[in-house]
Amino acid sequence: MTPSKYSLRPGLYAITDPDLLPDKRLVPAVEAALRGGAVMVQYRDKTSGPSDRLRRASDLLSVCRNAHVPLLINDDPELAKRIGAAGAHLGQEDGELRAARDLLGPDAIIGQTCHASLDLAEAAVKSGADYLAFGRFFPSMTKPGAPAATPEILQQAQQYRLPLSAIGGITLENAPLLIAQGADLLAVIGGLFGTDDVEARARAFTELFNT
Ligand SMILES: Cc1ncc(COP(=O)(O)OP(=O)(O)O)c(N)n1
Ligand SMILES: Cc1ncsc1CCOP(=O)(O)O
Ligand SMILES: [Mg+2]
């Protein structure tokens, strides 16, 4: 089934992690994030083998479809295509965006990592990205070595008129600064799935967009 393009709403972008969410917790935790208002979900899993990735991504797709929320697959447009996910997120080392677009079609949501670079953002725009991803903005336990960005890049990237996603060490305390600088999506792993009450945490992130 070809996914139809979801509209990209501002809000919490929930990204999964296999260490924080082993099999038993994955679906319940993502369901909780969705009840709390997450507007997009990304399946990000660097450690599982192909059959586990297929099963986990498929399970998440059912949950996300029930909630009418797009599921994107990190690094792997082929897996997105295979299960009919809404799209994929690509970093700078994850293959050509145009090739992913050819594979997934015009209605897929494809996001691209731009780290802290307007040049990368411009290239992503030209390649047809649906959103631009910047960060990491704060120290991240999940990806400590990710290149650092400062919040001003979000202001500068407004010129591209695409949704802007921020990532890296985002907490309830530092999130308002990113929103004030122009982040449309807050992409959160540890600050969301590292807590026992994922639904309450997701709701608290979501409320930051409504104030
Ligand atoms: C929303 C979002 N932003 C940034 C990333 C990072 O992508 P990438 O640079 O390819 O790093 P990995 O996530 O693959 O380690 C992301 N996944 N999602
Ligand atoms: C994938 C990625 N890219 C830059 S930081 C990061 C990890 C974000 O995870 P956390 O929200 O736990 O800092
Ligand atoms: Mg990647």
Side-chain angles (χ1 to χ4, degrees), residues 1-90 100-101 103-111 130-131 133 142 163 165-167 170 172 175 183-210:
M1 177 178 142
T2 310
S4 60
K5 199 149 206 157
Y6 285 86
S7 62
L8 276 178
R9 291 182 284 139
L12 174 66
Y13 184 1
I15 303 187
T16 68
D17 178 282
D19 291 332
L20 293 175
L21 303 175
D23 257 356
K24 246 173 61 184
R25 271 202 80 206
L26 180 63
V27 163
V30 170
E31 284 175 332
L34 291 166
R35 282 195 304 275
V39 296
M40 194 145 76
V41 175
Q42 182 187 121
Y43 174 61
R44 179 178 183 272
D45 182 350
K46 305 272 184 186
T47 53
S48 304
S51 61
D52 281 340
R53 284 170 56 76
L54 177 62
R55 177 176 49 79
R56 288 176 193 166
S58 303
D59 288 350
L60 289 184
L61 185 59
S62 309
V63 165
C64 289
R65 278 200 179 138
N66 283 341
H68 307 287
V69 164
L71 173 72
L72 272 60
I73 309 295
N74 188 44
D75 295 343
D76 195 344
E78 286 77 18
L79 179 56
K81 174 78 180 174
R82 177 159 181 196
I83 67 171
H89 182 91
L90 298 180
R101 177 68 66 200
L103 181 69
L104 296 176
D107 288 344
I109 300 172
I110 304 180
D130 294 294
Y131 69 86
T142 308
S165 177
I167 196 167
I170 299 178
L172 286 176
D184 300 292
L185 294 161
L186 295 180
V188 189
I189 302 178
L192 176 65
F193 291 120
T195 173
D196 286 339
D197 195 341
V198 172
E199 180 176 345
R201 183 61 61 84
R203 186 160 289 120
F205 274 115
T206 299
E207 278 166 6
L208 296 176
F209 286 88
N210 303 327

If you define the side chain from C-beta out and look only at heavy atoms, does anything of [X] sit under 4.5 Å from [Y]?
X      : Y     : result
Ile110 : His89 : no
Leu26  : Asp59 : no
Val188 : Ile15 : no
Ile73  : Glu78 : no
Leu72  : Val41 : no
Leu34  : Val63 : yes

So that I know where these two stand, are His68 and Tyr6 an aromatic pair - ring centroids less than 6.0 Å apart?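 So the answer is no for these two rings.
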Expected output: side-chain Arg201 to main-chain Gly191 donor-acceptor under 3.5 Å: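 Such a contact is found between Arg201 side chain and Gly191 backbone.
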What's the verdict on side chain to side chain contact (heavy atoms under 4.5 Å, CB included) for Lys46 and Asp19, showing C-alpha distance, side-chain angles and the deciding distance? CA-CA 10 Å; Lys46 305 272 184 186; Asp19 291 332; over 6 Å; no
Minimum-distance pair of heavy atoms, taken over all atoms of [X] and [Y]:
X      : Y      : value
Pro163 : Asp184 : CA-OD2, 3.4 Å
Pro18  : Thr47  : CG-OG1, 3.4 Å
Val39  : Pro10  : CG1-O, 3.7 Å

For a ring pair (Phe, Tyr, Trp, His ring centres under 6.0 Å) check, start with the C-alpha distance between Tyr131 and Tyr13, then their side-chain angles and the critical distance, and finish with the verdict. CA-CA 12 Å; Tyr131 69 86; Tyr13 184 1; 5.8 Å; yes
